[in-house]
Amino acid sequence: MPLFIYNTLTQKKEEFVPLHPNEVKMYVCGVTPYDEAHLGHGRAYVTFDIIRRFLEYSGYKVTYIQNVTDIDDKLINKANGERRTVNEIAQQYFDSYLEVMEKLGVLNPTRYVKATEHIPEMVKWVKGLEAGGYAYQIDHDVYFEVGKFKDYGKLSKRKLDEMRSGARVEVDSRKKDPFDFALWKGAKEGEPSWDSPWGKGRPGWHIECSVMSTKYLGESFDIHGGGLDLIFPHHENEIAQTEALTCKPWVKYWVHNGFVNVDKQKMSKSLGNFFTLKDIFKKYDPMVVRFFLLSTHYRSPIDFSDDQLKAAEKGLGRLRDTIDRIQFVMDSIEKPKESHGLDSKLLELDEDFIIALNDDFNAAGAIGVLFEIVAFANKIMEENPSDKALLLKIRKSLIGYMELLGLRVEGRDRSKTCPDNSEEIEKMIAEREAARKNKDFKKADQIRNDLLKKGIILEDTAQGVRWKGIT
RNA sequence: GGCGCGGUACCCAAGCGGCUAAGGGAACUGUCUGCAAAACAGUCAUUCGGCGGUUCGAAUCCGCCCCGCGCCUCCA
């Protein structure tokens, strides 16, 4: 079954054919660690985590590189403001980023690469661009001359002339063209700097991605990703630098995720309408947040709201609960009895799930299939509760697919909520059962209430009493 | 002004030329129950922003209009 990926470069869904059979090289623009990661970051990295996981599931060997911009203006400003070093700030927030990603179920890339650890390579690149006639020096800065790169604008579908006539263009009279961008910035007082042929300074923002991606993935590779807001100018500039130097097509598939909105507006630092992941996790299980993020296609905008997080909490809870419930029913089976011919329905659903992901990583569609599997499981538990073999398969599918989506199955269920007092709970349930048998409903209800206060919900089912924590 | 994205039920959302317009949440009804709860089941868009067009056939393609958003400056 072929995989289709929407490519920003061609503005079409294309069949995915990697440059080298069975392996995929992907690069995703990472964070500038100068503050806590917010939901928008969460969406981006969950998106590429799903892409990575599904590619691996499909049999590819994936090399996934993500950069860390640990030197830039924002970092310098923050460091100066707090009288700390850039390095301290970067380390602090990068550690925090790793922690929060781990909670969100985002697997580590094959490798995180830091800008400050690749300065000599960047200097070499800037020298190369200068030698090739694509760059010019002004004082201690070096700029890339966009007019020299004929394909400039091919990713963002812009033409230089049209942009120049646009209203908002920063004015720096020293530059030959307003869209020329810095490859190297001469150091100002008190800024971290490195030696270079142009004097002490630091790299411009865009060059790091070109240098590090090609270093680890080669001069041409399969997938480059990032948020929609990076298309221009960041990715456009990256293409210009890289292809100017290597004279080769650089990236085959450009993948961009949509924004997280708040009241229809983009969540962003500058608007101040952002919610950090750390804060959201105080209220919601990180898996709920992941589930929420996955229930909208990665390219569409997603509106952040409490109501939708609550809906996600319910939905994920039902998925996890079903897995528990199937186990509970299986445990009560004394004489397994196979009901023949029902497996084909599960096979069909299995296929639907994979079809969805093959269609531009449609996790939202795939989650829809998960709930159809839940409905099928309920049907079997109702009509053929002794079919252990089939129930086992259904449960395995459900668990496997949730894991493929990076959704941890265990959550605030019985074992998590009360790992220490489950014996006590079982004892109380037995007491209640005895009371019910004696028609001492007052006592039975009392016990039920006591448990509810501890956050335990009882379920009187055909197979006996089942309990779980409040989700 | 240029470029791009989107408008599907009460809310969210998949579907992007043809089987009954997925699925989740809410609501309502029912099953189970000593009663509840939980769980489960059923109901919930003859219709996809509006108007035209193409087609045997359109939510899906084309044109125009209305509305919302994003990028064009750092931003996932």
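Bear in mind that the values here come from a model prediction, so they are computed numbers and not experimental data. Each chain gets a letter, A, B and so on, in the order the sequences are listed, and its residues count up from 1.
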Trainee: NA contact type, A:Val369, heavy-atom cut-off 4.0 Å: base, sugar-phosphate, or nothing?
Mentor: nothing

Trainee: Let me know the distance between CD of A:Glu372 and P of B:C40, rounded to the nearest Å.
Mentor: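 Interatomic distance, CD of A:Glu372 to P of B:C40: 15 Å.
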
Trainee: Any idea how A:His256 and A:His235 line up, ring-wise: parallel (<30°), tilted (30 to 60°), or perpendicular (>60°)?
Mentor: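 If you compare the ring of A:His256 with that of A:His235, the planes turn out tilted.
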
Trainee: Identify whether any heavy atom of A:Phe259 sits under 4.0 Å from a base atom; if not, whether one sits that close to sugar-phosphate; answer base, sugar-phosphate or nothing.
Mentor: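 Contact class for A:Phe259: base.
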
Trainee: Could you tell me the separation between the CZ atom of A:Arg299 and the P atom of B:G70, rounded to a whole number of Å?
Mentor: 19 Å

Trainee: Taking only residues two or more places apart in sequence, or in another chain, which ones meet A:Asp445 in a salt bridge (charged side-chain N to carboxylate O under 4.0 Å, His left out)?
Mentor: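 So A:Asp445 forms a salt bridge (charged side-chain N to carboxylate O under 4.0 Å, His left out) with A:Arg448.
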
Trainee: When you check the gap from the basic side-chain N to the acidic O, do A:Lys454 and A:Glu424 get nearer than 4.0 Å?
Mentor: yes

Trainee: Test ring-ring contact (aromatic ring centres under 6.0 Å, His included) on A:Phe16 and A:Phe4 and set out the steps.
Mentor: CA-CA 5 Å; A:Phe16 179 68; A:Phe4 282 82; over 10 Å; no

Trainee: Side-chain N or O of A:Lys468 less than 4.0 angstrom from OP1 or OP2 on B:A39?
Mentor: yes

Trainee: With a 4.0 Å cut-off on heavy atoms, is A:Met267 in touch with a base, just the backbone sugar-phosphate, or nothing at all?
Mentor: base

Trainee: Nearest 0.5 Å, please: how far is NE2 in A:His206 from CD1 in A:Ile239?
Mentor: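 Reported value, rounded in 0.5 Å steps: 12.5 Å.
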
Trainee: Between A:Arg395 (side chain) and A:Ile323 (backbone), is there a donor-acceptor pair under 3.5 Å?
Mentor: yes

Trainee: Roughly how far apart, to the nearest Å, are B:C10 and B:C16 at atom C1'?
Mentor: 26 Å

Trainee: Write down the protein N/O and nucleotide N/O pairs, taken from nucleotides 33-35 of chain B, whose separation is under 3.5 Å; answer none if there are no such pairs.
Mentor:
unit_1	atom_1	unit_2	atom_2	d
B:G34	O6	A:Arg436	NE	3.4
B:G34	N1	A:Asp445	OD1	3.0
B:G34	N2	A:Asp445	OD2	2.9
B:C35	O2	A:Arg448	NH2	3.4
B:C35	N3	A:Arg448	NH1	3.0
B:C35	N3	A:Arg448	NH2	3.2
B:C35	N4	A:Arg448	NH1	2.9

Trainee: Rounded to whole angstrom, note down the P distance from B:G25 over to B:A38.
Mentor: 13 Å

Trainee: When all nucleic acid strands are considered with a 4.0 Å heavy-atom cut-off, which category describes A:Gly42: base, sugar-phosphate, or nothing?
Mentor: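 Counting heavy atoms under 4.0 Å across all strands, no contact is made by A:Gly42.
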
Trainee: Could you measure between the two C1' atoms, the one in B:C28 and the one in B:A22, and give it in whole Å?
Mentor: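 One C1' to the other, the span is 22 Å.
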
Trainee: With 3.5 Å as the limit, what N/O pairs link the protein to nucleotides 24-27 of chain B?
Mentor:
unit_1	atom_1	unit_2	atom_2	d
B:G24	OP1	A:Arg318	NH2	2.7
B:G25	OP1	A:Arg318	NE	3.2
B:A26	OP1	A:Lys314	NZ	3.1

Trainee: Using atom P in both nucleotides, what's the gap between B:C40 and B:A45 to the nearest angstrom?
Mentor: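 These two P atoms come out 22 Å apart once rounded.
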
Trainee: May I ask you to evaluate whether A:Lys266 reaches the phosphate of B:C71, defined as a side-chain N or O under 4.0 Å from OP1 or OP2?
Mentor: yes

Trainee: Out of B:A76, B:A39, B:C40, which nucleotide sits closest to the side chain of A:Asn378?
Mentor: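 The nucleotide sitting nearest to the side chain is B:C40.
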
Trainee: Between A:Asn362 and A:Tyr298, does any side-chain donor sit less than 3.5 Å from a side-chain acceptor?
Mentor: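 Checked: A:Asn362/A:Tyr298 side chains show no N/O donor-acceptor pair below 3.5 Å.
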
Trainee: Reckon A:Gly226 touches a base, only the sugar-phosphate, or nothing at all at heavy-atom distances under 4.0 Å?
Mentor: sugar-phosphate

Trainee: Would you call A:Asp285 and A:Lys103 a salt bridge, taking side-chain N to carboxylate O under 4.0 Å as the test?
Mentor: no

Trainee: How would you label the contact of A:Lys157 with the nucleic acid (heavy atoms, under 4.0 Å): base, sugar-phosphate, or nothing?
Mentor: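 Sugar-phosphate only.
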
Trainee: For Watson-Crick and G-U wobble pairs within 3.5 Å on both distances, what is RNA chain B written in dot-bracket notation, | included for inter-strand pairing?
Mentor: ((((((((.[[[..)..(....]]].(((((.......))))).....[[[[[..)....]]]]])))))))....

Trainee: On RNA chain B, check which nucleotide each of A:Asn261 and A:Pro233 is closest to and give me the residue with the more 5' one.
Mentor: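 Going by which nucleotide is closer to the 5' end, it is A:Asn261.
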
Trainee: Can you tell whether the side chains of A:Asp180 and A:Lys176 come within less than 4.0 Å, N to carboxylate O?
Mentor: no

Trainee: Under 6.0 Å between ring centres: does that hold for A:Tyr143 and A:Trp184?
Mentor: no

Trainee: What contact category does A:Asp72 fall into here, base, sugar-phosphate, or nothing, at under 4.0 angstrom with non-hydrogen atoms?
Mentor: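 If one applies the 4.0 Å heavy-atom cut-off, A:Asp72 turns out to touch nothing in the nucleic acid.
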
Trainee: Check the orientation of A:His224 and A:Trp250. Use parallel for under 30°, tilted for 30 to 60°, and perpendicular for over 60°.
Mentor: perpendicular

Trainee: What is the distance, to the nearest angstrom, from the CD atom on A:Glu382 to the P atom on B:A39?
Mentor: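 Nearest whole value for this atom pair: 15 Å.
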
Trainee: Can you check the A:Ile280 CD1 to B:A76 P distance for me, whole Å?
Mentor: 16 Å

Trainee: List the residues meeting ring-ring contact (aromatic ring centres under 6.0 Å, His included) with A:Tyr401, not counting sequence neighbours, and say none if there are none.
Mentor: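 Expected list: A:Phe353.
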
Trainee: Using a 4.0 Å heavy-atom cut-off, does A:Thr47 contact any base of the nucleic acid, only the sugar-phosphate backbone, or nothing at all?
Mentor: nothing

Trainee: Could you go through nucleotides 13-15 of chain B and list every protein N or O atom that sits under 3.5 Å from one of its N or O atoms, giving the distance for each pair?
Mentor:
unit_1	atom_1	unit_2	atom_2	d
B:A14	OP1	A:His297	N	2.9
B:A14	O3'	A:Asn362	ND2	2.8
B:G15	OP1	A:Asn362	ND2	2.8

Trainee: Report the nucleotide, chosen from B:C71, B:A37, B:G23, that has the shortest atom-to-atom distance to any side-chain atom of A:Glu459.
Mentor: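 Taking heavy atoms from C-beta onward, the closest nucleotide is B:A37.
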
Trainee: Can you check the A:Phe274 CZ to B:C74 C1' distance for me, whole Å?
Mentor: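 About 14 Å, once rounded to whole Å.
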
Trainee: Could you check how far CZ of A:Phe179 sits from P of B:C3, rounded to whole Å?
Mentor: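 From A:Phe179 CZ to B:C3 P: 14 Å.
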
Trainee: If only side-chain N and O atoms count, and only distance matters, is there a donor-acceptor pair under 3.5 Å linking A:Asp450 with A:Gln446?
Mentor: yes

Trainee: Is the phosphate of B:A38 approached by A:Arg325 (side-chain N or O, under 4.0 Å from OP1 or OP2)?
Mentor: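 Checking B:A38 against A:Arg325, no side-chain N or O comes under 4.0 Å of OP1 or OP2.
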
Trainee: Between A:Leu230 and A:Arg158, name the one whose nearest nucleotide on RNA chain B is closer to the 5' end.
Mentor: A:Arg158

Trainee: I need the CG-C1' distance between A:Asp306 and B:C11, as an integer number of Å.
Mentor: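 Answer to the nearest Å: 13 Å.
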
Trainee: B:C74 P sits how many Å from A:Asp73 CG, rounded?
Mentor: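 For the pair A:Asp73 CG and B:C74 P, the rounded distance is 10 Å.
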
Trainee: Where the side chain of A:Asn384 meets the backbone of A:Ser339, is there a donor-acceptor pair that is under 3.5 Å apart?
Mentor: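 No, A:Asn384 side chain to A:Ser339 backbone: no donor-acceptor pair under 3.5 Å.
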
Trainee: Are A:Lys266 and A:Asp229 ion-paired here, with the side-chain N under 4.0 Å from a carboxylate O?
Mentor: yes

Trainee: Salt bridge (Lys or Arg N to Asp or Glu O under 4.0 Å), that's the test. Do A:Arg432 and A:Asp460 meet it? Break it down for me.
Mentor: CA-CA 11 Å; A:Arg432 171 170 173 266; A:Asp460 297 333; 3.1 Å; yes

